[in-house]
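Below is one structure, written out as structure tokens; comments come after it.
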Amino acid sequence: MNALHWLQEWYQSQCDGDWEHQSGIEIKTLDNPGWDIKINISDTDLEGLIIEYQLNEVDENQWYGFQSDGYTFEACGDPSKLETLILIFKKITENQEQSL
């Protein structure tokens with residue numbers, strides 16, 4: 001299953017008639033250039049998950065970073081990293097599910 005398909009399924013699995021009205025996923029571009037993803041994890045199995053900001057930078061054109069404050073997972077990266085950012089969220093989600 002590719003990353004986008006997985007993200008669609010994760011989103012759909014969170015929709016319960018309430019969550020999707022106040023929460024969701026936001027994907028937009030950055031002007032430096034790059035991608036920015038914000039995923040509201042409130043009222044999901046990931047709520048409360050704290051991840052300090054982690055930056056992985058090869059150079060100014062190859063980079064990505066991510067964090068979670070317990071309510072929102074945020075990730076950003078260079079223009080080639082959209083799939084990478086989704087896969088990071090997927091891995092975090094799967095690791096959290098295994099620890100339940």
(message) Counting C-beta onward and ignoring hydrogens, is there a side-chain heavy-atom pair between W19 and Y11 closer than 4.5 Å?
(response) yes
(message) Quick check against the 3.5 Å criterion: does E47 have a side-chain atom that pairs as donor or acceptor with the backbone of D43?
(response) yes
(request) Examine W10 together with F89 and report whether their ring centres are nearer than 6.0 Å. (result) yes
(message) As an exercise, state the distance from CD of E9 to CD of Q14, rounded to the nearest 0.5 Å.
(response) 12.0 Å
(request) Find the distance between CD (Q67) and CD (E74) and round it off to the nearest 0.5 Å. (result) 5.0 Å
(message) Using modelled atom types and a 3.5 Å cut-off, is there a donor and acceptor pairing between side-chain atoms of Q22 and backbone atoms of D18?
(response) no
(request) Can you see which heavy atom on E20 is nearest to which on C15, and at what distance? (result) OE1-CA, 3.1 Å
(request) May I ask you to check whether over 12 heavy atoms, not counting those of E57, lie within 6.0 Å of atom CD? (result) yes
(request) Please assess T72 against I39 for the test side chain to side chain contact (heavy atoms under 4.5 Å, CB included), listing each intermediate value before the final yes or no. (result) CA-CA 6 Å; T72 304; I39 302 174; 6.0 Å; no
(request) Evaluate the side-chain proximity of D78 to N61: yes if any heavy-atom separation is below 4.5 Å, no if none is. (result) no
(message) Do F66 and Y71 sit in one hydrophobic cluster, given that two such residues count as connected whenever their side-chain heavy atoms are within less than 4.5 Å of each other, even indirectly?
(response) no
(request) Flag yes if L4 and I37 sit in one hydrophobic cluster, no otherwise; membership is Ile, Leu, Val, Met, Phe, Trp, Tyr, and two members link when side-chain heavy atoms are under 4.5 Å apart. (result) no
(request) Rounded to the nearest 0.5 Å, what's the gap from CG on D36 to NZ on K28? Could you check? (result) 5.5 Å
(message) To check you understand the geometry: which heavy-atom pair defines the closest contact between L30 and W35, and what is its length?
(response) CD1-O, 3.4 Å
(message) To check you understand the geometry: which heavy-atom pair defines the closest contact between A75 and L85, and what is its length?
(response) CB-CD2, 3.8 Å
(message) With a 4.5 Å cut-off on side-chain heavy atoms, are I51 and L49 touching?
(response) yes
(request) Report the distance from atom OG of S23 to atom CD1 of I41, rounding to the nearest 0.5 Å. (result) 10.5 Å
(message) Between L55 and L82, is there shared hydrophobic-cluster membership here, with clusters defined by ILVMFWY side-chain heavy atoms closer than 4.5 Å?
(response) no
(request) Hey, could you give me the NZ/CG distance between K91 and L87, rounded to the nearest 0.5 Å? (result) 10.5 Å
(request) Enter the distance from C76:SG to W63:CH2 here, rounded to the nearest 0.5 Å. (result) 4.0 Å
